[in-house]
Structure formats: C-alpha cells, structure tokens
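Working notes, beginning with the structure itself.
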Amino acid sequence: MTGATIHIVASPESWIEQAAVDQLHQTARLEGIDRIVGLPDLHAGRGIAVGAAFWSPSHVYPHLVGSDIGCGMGLWRCAMPLRKLRLDAAERKLRGLEEPWSGDQVARLADAGLSRDLAGEALGTIGGGNHFAELLRVETLHGDTEVDPAALYLMVHSGSRGLGHAILERHLAQHNVAGLIAGEEACARYLAAHDDAMAWAVLNRELIAKRFLDRLGTTGERLLDICHNSVTPHRGGWLHRKGAAPADKGLVVIPGSRGDMTYLVRPRQERADEALHSLAHGAGRKWSRSEAKDKLVRRFSIADLERTKLGSRVICEDRDLIYEEAQQAYKDIHQVVRDLEQAGLIDLIATLRPLLTYKTRRA
DNA sequence: ATGTCC
C-alpha cells in the first residue's frame with residue numbers, strides 16, 4: 001500500500017531540509033505512487049516538496065504538478081552581440097512588460113494549437129513570485145561546444161499564470177487531492193487542460209522574450225524551452241515533475257538565484273532512470289519567503305538588492321518581492337550542479353553570468 | 001504560483 005521508493009539525489013555536502021523529506025514520505029503514501037526522486041534543489045512546498053519527480057503506473061495527481069502547470073525556462077541567443085549591450089540604456093528601455101500584450105493573440109494561440117478562448121491580459125507577461133526575464137553572458141565554456149561566447153543571451157522563467165491555477169482549482173473543487181485513474185474520462189479531461197496550459201506557458205515565454213527583445217531593438221533565436229511542472233506519459237505510467245527539469249528533452253538551463261550563475265547542461269542518459277529522467281530546476285529555496293523578508297530587511301536596503309554580488313542589476317519595484325527573492329534566500333547553485341554531475345546525470349556545457357534581471361516595474 | 005490575501 002505504501003510501497004513507494006524514495007531516492008534523493010544529493011551528496012552529504014548538500015543541505016536538504018527535513019521538512020522536505022517528510023513531505024516526500026507523505027506523498028509516498030498516495031495510492032499508486034511507485035517511485036519518488038528528490039533532486040538536490042529539494043525544498044519544502046505547500047504540502048508537496050519542490051524539486052521532485054513522482055511516478056505512478058496507474059494514477060495522475062494534479063496537485064503534484066501544482067497550480068503553475070507548464071512553468072519552465074526558455075533560453076534565447078540574441079541577434080545583438082554582447083559588445084553592443086549598454087546596460088544603462090537597456091535598463092531605461094525595459095518597462096511596461098506587465099501591460100497586456102497588444103499583438104495578435106488569437107493568431108499566436110492558433111499557431112500553438114490553442115483556442116482563442118485562452119486569450120487574455122496575462123498572455124505575454126512574466127507574473128510574480130520567482131519569475132523573471134534575464135540577460136546573461138558566457139562566463140565559462142566547458143569543453144567543446146557550439147555556444148557563442150560573443151553573444152548575449154536571454155533567459156525567461158514564467159508559466160501559465162492564471163490558466164494553470166484555474167485548472168487545478170477546478171480539479172480540486174471536484175476531487176480534492178484524490179488521484180485520477182489513468183484512462184478514465186475525468187483523467188483525460190484534466191490531461192487535455194494540462195496540455196493546453198503547457199502549450200500556453202511555452203507561448204507565454206516566447207511572447208515575453210519577443211517583447212523584451214523588441215524593447216532592446218533586437219531579435220533572438222530560441223535555443224531551448226523546458227517545463228519543470230508537468231505530468232507526462234512515461235514507461236506506461238505517469239511522471240509528475242514538481243520543480244524538476246526533464247532530462248529527456250535536450251539541453252537544460254539550471255538557473256542560480258538572481259545574482260548567481262546559471263548552468264547550461266546536457267543530460268546524460270546512462271543513469272537517467274535512477275533520477276526518473278529529471279534534473280534540478282534551480283538552486284532551491286533555503287529560506288521561505290517570510291523568513292527571507294524577516295532576515296534580510298534589517299541587513300539590506302532596496303538599493304543593496306538592486307545590485308547583486310556579481311554586479312548584475314535587478315529591476316524589481318515590488319519591495320516585498322525583492323526581499324523574498326533575494327539571492328541570500330536560495331541555496332548554492334554550484335553545489336546543486338556538482339551533485340548532479342557527481343551522480344552522473346549531466347555534462348556541463350557553459351556557465352552563464354547574469355547581467356540584468358527584470359522582474360517587475362509594478363510598485 | 002495566483003487578472004492573489006490583508
């Protein structure tokens with residue numbers, strides 16, 4: 001009945017909070033959950049640990065995916081070379097990304113195979129929490145790679161905004177946290193809505209990147225887009241990823257906190273199954289939002305946090321949010337990536353340095 | 001996380 005195996009990918013040097021491990025054990029009791037993997041960025045969430053993958057041969061559990069269905073990372077190589085970037089000018093030009101996108105939503109939705117009913121004010125906007133759009137440059141190349149060190153890069157972290165939230169709310173109102181049986185109609189309905197939210201989130205990141213690059217007077221080429229909140233068919237069952245990047249969808253970016261490095265990595269396949277074909281999706285929280293605010297508000301001014309230890313800039317005019325999302329609230333990304341490397345799950349391609357992060361101009 | 005809760 002409670003036979004799920006739990007495997008945590010983390011070296012003894014990595015600190016994993018007990019509350020998160022306890023949450024994995026709670027989730028292991030759900031009917032039909034066979035295997036659980038915690039990644040090195042594992043941390044406690046609201047009931048469900050973040051940085052984990054859950055496999056079931058028989059059940060789909062929407063609350064294991066959470067409300068931000070399709071949330072993930074996109075990475076673009078900008079047409080504008082790094083040497084042309086003027087940070088002061090860029091900072092002035094970057095504003096208004098919270099406003100609704102005035103382009104042809106219906107056409108873009110149709111291209112993505114989505115109904116015009118999914119148009120709305122949130123499409124093309126970053127949102128709150130840990131979401132951002134960030135300019136980066138190559139810090140280090142690891143071995144032979146086609147990554148261009150003279151290029152400027154844009155990374156976008158966002159999701160399905162109110163759409164995924166509404167899909168989960170609708171499910172919970174009917175079923176609470178009971179699982180859906182694969183093959184039954186209610187399950188198919190959820191999965192159809194989930195897949196729409198995933199496609200919507202991919203389009204959202206695309207539009208955010210387009211708007212961001214428009215303001216800088218340039219264009220970009222998308223190098224990758226990966227979702228870290230999803231449930232997908234896997235080996236005859238269902239693989240839920242809650243803050244876990246897929247290791248079977250090509251290159252992956254693993255972002256540090258704003259103010260630390262981001263890694264571009266290539267998943268290795270030999271031992272991928274041990275980690276349920278999943279990778280860490282970032283540094284992982286060390287402190288909850290409220291802890292971060294309490295600890296940091298006495299030590300740092302807003303101006304302090306608008307410049308990071310790497311000298312990058314953070315545009316975040318929401319003063320609660322800039323404390324909640326400060327780099328100090330996150331674990332060490334270098335250790336997280338070392339753990340994945342040691343576990344034989346990745347090869348490093350490049351380390352990317354943040355230059356400017358846009359979160360919100362909404363005060 | 002949230003066309004977000006006070």
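None of the values given here were measured: they were computed from a predicted structure. Chain A is the first sequence line, chain B the second, and so forth, proteins listed ahead of strands; every chain is numbered from 1.
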What integer distance in Å separates [X]:[atom1] from [N]:[atom2]?
X        : N     : atom1 : atom2 : answer
A:Asp68  : B:dA1 : CG    : P     : 7 Å
A:Glu98  : B:dT2 : CD    : P     : 13 Å
A:His63  : B:dT2 : NE2   : C1'   : 18 Å
A:Ile167 : B:dA1 : CD1   : P     : 18 Å
A:Glu324 : B:dT2 : CD    : P     : 13 Å

Tell me, with the steps shown, if A:Thr351 and A:Met261 meet side chain to side chain contact (heavy atoms under 4.5 Å, CB included).
CA-CA 6 Å; A:Thr351 310; A:Met261 301 297 179; 3.6 Å; yes

Respond yes when some side-chain nitrogen or oxygen of A:Arg161 is under 4.0 Å from OP1 or OP2 of B:dG3, and no when none is.
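Yes, such a contact exists.
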
Output yes when at least one side-chain N/O atom of A:Arg289 is less than 4.0 Å from OP1 or OP2 of B:dA1, else no.
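For B:dA1, OP1/OP2 do have a side-chain N/O of A:Arg289 under 4.0 Å.
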
Counting the atoms with a prime plus P, OP1 and OP2 as sugar-phosphate, which does [X] contact under 4.0 Å by heavy atoms, base, sugar-phosphate, or nothing?
X        : value
A:Gly66  : nothing
A:Gly127 : sugar-phosphate
A:Gly159 : nothing

Plane angle bin for A:Phe54 and A:His240 - parallel if under 30°, tilted between 30 and 60°, otherwise perpendicular:
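A:His240 vs A:Phe54 ring planes: perpendicular.
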
Salt bridge or not for A:Asp148 and A:Arg77, using N-O below 4.0 Å?
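A salt bridge is absent here (no side-chain N lies under 4.0 Å from a carboxylate O).
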
Looking at A:Asp320 and A:Arg289, is any side-chain nitrogen of the basic one under 4.0 Å from a carboxylate oxygen of the acidic one?
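Here A:Arg289 does not pair with A:Asp320 in a salt bridge, since their nearest N and O are not under 4.0 Å apart.
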
